[in-house]
S.K.: 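The structure's right below; bear with me while I get my questions together.
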Amino acid sequence: MYEEGKEAVRLREKEKLVYKRVGLMFSRRWRFGWDRFTEVDIFAGHNDTSAETLSQAIRAAASEEPDADGSVLFGHLQGTVVGLRYYTGVVNQGEMVGLVRQPQNPYDSNAVMVANVYGCQVGHIKKELAAAMAHVMDNNLAKVEGVVHSGTKNKFTMPVMLSFWGKEENKNAVMESMARRGYKLNTGGMKPLGANQTYSSQGARAMSSKKGVTIALTPEELKNAFDNLFEDLMESKDGEKEAAKSVSTPLLPHQKQALSWMCTRENKSGLPPFWEKRGELYYNSLTCFSAKEIPERVCGGILADDMGLGKTLTTIALILTNFRKGKPLPVETCQEEQSSFVKMASKLKGSSSASDGTGTLCSERPQGSVVCVETPDVVEIKDKSEKSTSKGKTKATKRKASKDAPVMLEDLDFAAALSGSSVDSGLKKKRVSKTEPPTLRADSSISKRGEDSSARTTLIICPLSVLSNWLDQFEQHVHANVKLNVYLYYGSDRNRSKTFLSSQDVVITTYNVLSAEFGNKSPLHAINWLRVVLDEGHVIRNPNALMSKAVLELTAQRRWILSGTPIQNSVKDLWMLLAFLRLKPFDVREWWNRVIQRPVTQGDRAGLQNLQTLVKCITLRRTKSSEVDGRPLVSLPKKTVCVEQVELSQPEREEYELARNEGRNTIGRYVAEGTVLRNYADVLAILMRLRQHCCHPDLLSKTSLDLDAPATPAELRQRLIEKLRMVLASGSDEECSVCLDSVRLPVITHCAHVYCRPCIAQVISTQQDTARCPLCRSEIKISELVEFPQEEMEEENRRTNSENWRTSSKVQALMSNLLRLEAKTAALSVWLSLSSHVSSQYWRLHLESMDSVLCVWMGP
DNA sequence: ACCGCCGGGTGCC
DNA sequence: ACCGCCGGGTGCC
């Protein structure tokens, strides 16, 4: 690669030096990606790996920086990039460059590195200027961005137009600091030379950012634009695709469309948004970056359909239909040992607590909401239906296999509940194997394990609350005689073997498990997944959360985000999604901020247009009111509302009257004081309590409603305990906002937010002296966390034990109606069996037809 | 870099 | 000459 001779040796020595310095820098400052930064990479010159590592490092650095929101432009400065000859990074006319401080540079601790969009180093800022910039950058007074307008072909140095952005209050400090070192920022209206016409040009935007060339959107328009960002995508995406035969549920037309779209997104080789081919090069029209290699395309996207449209089913269909090269997952070519539906799954929290957690449920009658049965050996549950719709060959193989395995017939109701179907669906045969399943399939490409072509597994990550739903849906929508290896990666005895996991068809886990594994020899991060699916993907919108980092570090060929609400608050939420999808170059925060977020928040039309284009390319969204070819997407049966008057029983009536008098007195007091309006929230609370009384008296505690401010610490404590009890009992808010799992060891903060004790303790210890509540930013202390008192806990348990459980008139009326309906409609029975899995601790019924939302704590 | 800078060689014209 | 001048070596931070 290099010529022989003195010059070559000298260059090589220099490069080694550079490598050592860069290495030093990375090893000290950045944790991620270091392992891939090897000597080989840097000597490979244009090698992708070094660039990617740099890119990751820049990304890591950028993510530590505060958001670009609210930044104002301080001014411009013409600077010089030097040392071009030592680096491989090249830039185009008008291209954006990144400026990264290198405090560890042994030659100059003020060094400022210049890198292009892909993170390839272009050069350094000349040292005198770097010294001035270092002060500003290190003290976070300003963020400096650069655009190269000319001299891109230069051998040694090139000019760069720098712009300084930061908080208004830092402006003077920055101007003075730069002036002290002899640099005067240009705040005038002179348009820099060579500025691009698009918004992407730093110079052009800088000039027009306040009020100038572009007509900014009004806040109102901006808000509408956000609201419509996803709504405008509903134009029909062409084509329908039939699901593979292994999918037992027929897809609705809109689901076939979604499947078709998803397959296309996974298989097509087109260029990502804003990339175009220019001669031999690929060119990004927003950043002006170009590359020889075809830009890595995004295999995947965001499925943002409204809830209820079948995102889960469509995803299951995708897994079975689009394996490699557009072919279905090879499930029908059975070999002996792997016939039948193999499923390793066990132990959601509820089941383990209900049955003391051992994995040997097969020998006893299952209790609680056990989703699946695990045995140390092998169990078979009989097929739903003896009449096989699949080929005889499959059936025969399957039979043969089942001879070898111990067979166990399970409780009929239980089996039916598992499948989500009604009782009369018959016996189920299930085969669960604890041994490593054979890895070789009929598909020959699997032989080269470790290469891309060997990836076979889809990893599904979801919140705990929908975990069981995925298992149910797999069982429900996949033909019973199809062998599909679905492994639930959850619970303390989960199989962490890489070989085992990567031989599955599907691995399901939770965000919580994923973060827990992250940085801890995580097998999930060591596997090259065929596909990673983030269910309820909007939960990863905070890029600082460990969970988000864990998700970003997964290796996969295809990536999907399922979410009914992809944007929760602002454009900011989108970044995490794009970063997960690896939509270059926006997966690096800086480019996202520069090209999309800041322009959009400043009301720039072109920026918004770019954002819309971006989102449109990767998202499919339909709502229930969407239409396909003039027909509604889904046709639901008409809703019928039946009002049934239910008489309270005598004891219920007495309790109700008690509460009513109490409430009336309180409100009467407010009226007398003339403070009703000021206390209207309390009035509503009283009314709510009365409605709860009507549903079930146990929804309320025996303690009376005391609306005055707590006078003593003891009173505050009692109040908090009461609130904690309400939260736990209501079932509406049992998730811990830190881990997103069901709350374990619940504690309540003085600001009345409920978390798992370990979770919030962790938060407090990392924030040290001034810890703040993740939900409301109030100051919190370990010593002020309030637990549910043990005796009350026992009291609660006693109250909800089956012997002590009391019903209520309304619950009785509801139950009799439900049972009556269940006999009539299969759909309802499905719903019932699903909701029994919704939560391990509480059975929640949300029925609009009742006076208010009725939350019944029924216990296990 | 068709520069600037450094430092060694050199020294009337 | 403790200078000037010349020309080769050299060159990011």
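Hydrogens, waters and symmetry mates are skipped; everything else that's a heavy atom, side chains included, is used. Lettering of chains follows the sequences in order, A, B, ..., and the numbering in each one begins at 1.
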S.K.: Is A:F156 stacked on the base of C:dG11, meaning ring centres closer than 5.5 Å and planes within 30 degrees of each other?
M.R.: no
S.K.: For the pair made of NE2 in A:H124 and C1' in C:dC13, what is the distance, rounded to whole Å?
M.R.: 5 Å
S.K.: How long is the line joining CE of A:M158 and C1' of B:dA1, in whole Å?
M.R.: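 Value for this atom pair: 15 Å.
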S.K.: Got a sec, which residues hit side-chain hydrogen bond (donor to acceptor under 3.5 Å, both in side chains) with A:S515, two or more places apart in sequence or on another chain?
M.R.: none
S.K.: Between C:dC5 and C:dA1, how far apart are the C1' atoms? Round to whole Å, please.
M.R.: 12 Å
S.K.: Mind checking A:I125 for me? I need base, sugar-phosphate or nothing, with any heavy atom below 4.0 Å counting as a touch.
M.R.: sugar-phosphate
S.K.: Please report the C-alpha distance between A:K584 and A:W591 in whole Å, then the side-chain angles of each, then the deciding distance to 0.1 Å, and finally whether the side chain to side chain contact (heavy atoms under 4.5 Å, CB included) criterion is met.
M.R.: CA-CA 9 Å; A:K584 308 266 176 192; A:W591 308 115; over 6 Å; no
S.K.: Could you check how far CD of A:Q121 sits from C1' of C:dC13, rounded to whole Å?
M.R.: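 Spelled out: CD on A:Q121 to C1' on C:dC13 is 9 Å.
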S.K.: When the distance from CG of A:N110 to P of C:dC13 is rounded to whole Å, what number comes out?
M.R.: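 After rounding, the reported distance stands at 11 Å.
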S.K.: Which part of the nucleic acid, if any, lies within contact of A:K155, taking any heavy atom under 4.0 Å across all strands shown: a base, the sugar-phosphate backbone alone, or nothing?
M.R.: nothing
S.K.: Could you tell me how far apart A:Y87 (OH) and C:dG11 (P) are, to the nearest whole angstrom?
M.R.: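 After rounding, the gap between these two atoms is 14 Å.
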S.K.: Output the rounded distance in Å from NZ (A:K126) to C1' (C:dC13).
M.R.: 11 Å
S.K.: Looking only at N and O atoms, is any donor in the side chain of A:Y86 or the base of C:dC13 less than 3.5 Å from an acceptor on the other one?
M.R.: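 Looking at the base of C:dC13, it does not pair with any donor or acceptor on the side chain of A:Y86 (distance under 3.5 Å).
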S.K.: Between C:dC12 and A:K127, is there an OP1 or OP2 to side-chain N/O distance shorter than 4.0 Å?
M.R.: no
S.K.: Over how many whole Å does the gap from A:N105 atom CG to C:dC12 atom P extend?
M.R.: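 The answer, rounded to whole Å, is 12 Å.
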S.K.: Is the terminal nitrogen or CZ of A:R531 (NZ for Lys, CZ for Arg) located under 6.0 angstrom from the six-membered ring centre of A:W560 and within 45° of that ring's axis?
M.R.: no
S.K.: Using the salt bridge (charged side-chain N to carboxylate O under 4.0 Å, His left out) rule, collect all pairs that involve residues 275-290 of chain A, keeping only residues at least two apart or in two chains.
M.R.: A:E276-A:R278
S.K.: Suppose we call a contact any N or O donor and acceptor under 3.5 Å apart; does that hold for the side chain of A:D108 and the base of C:dC13?
M.R.: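 Absent.
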S.K.: Can you list the steps and then say if A:V551 with A:F518 is a side chain to side chain contact (heavy atoms under 4.5 Å, CB included)?
M.R.: CA-CA 9 Å; A:V551 160; A:F518 184 50; over 6 Å; no
S.K.: From CG of A:L84 over to C1' of C:dG11, roughly how many Å is that when rounded to an integer?
M.R.: 13 Å
S.K.: Taking pairing as Watson-Crick or G-U wobble with both contacts under 3.5 Å, can you name the mate of B:dC12, or confirm there isn't one?
M.R.: none
S.K.: If the P atom of C:dC3 is compared with that of C:dG8, how far apart are they to the nearest Å?
M.R.: 25 Å
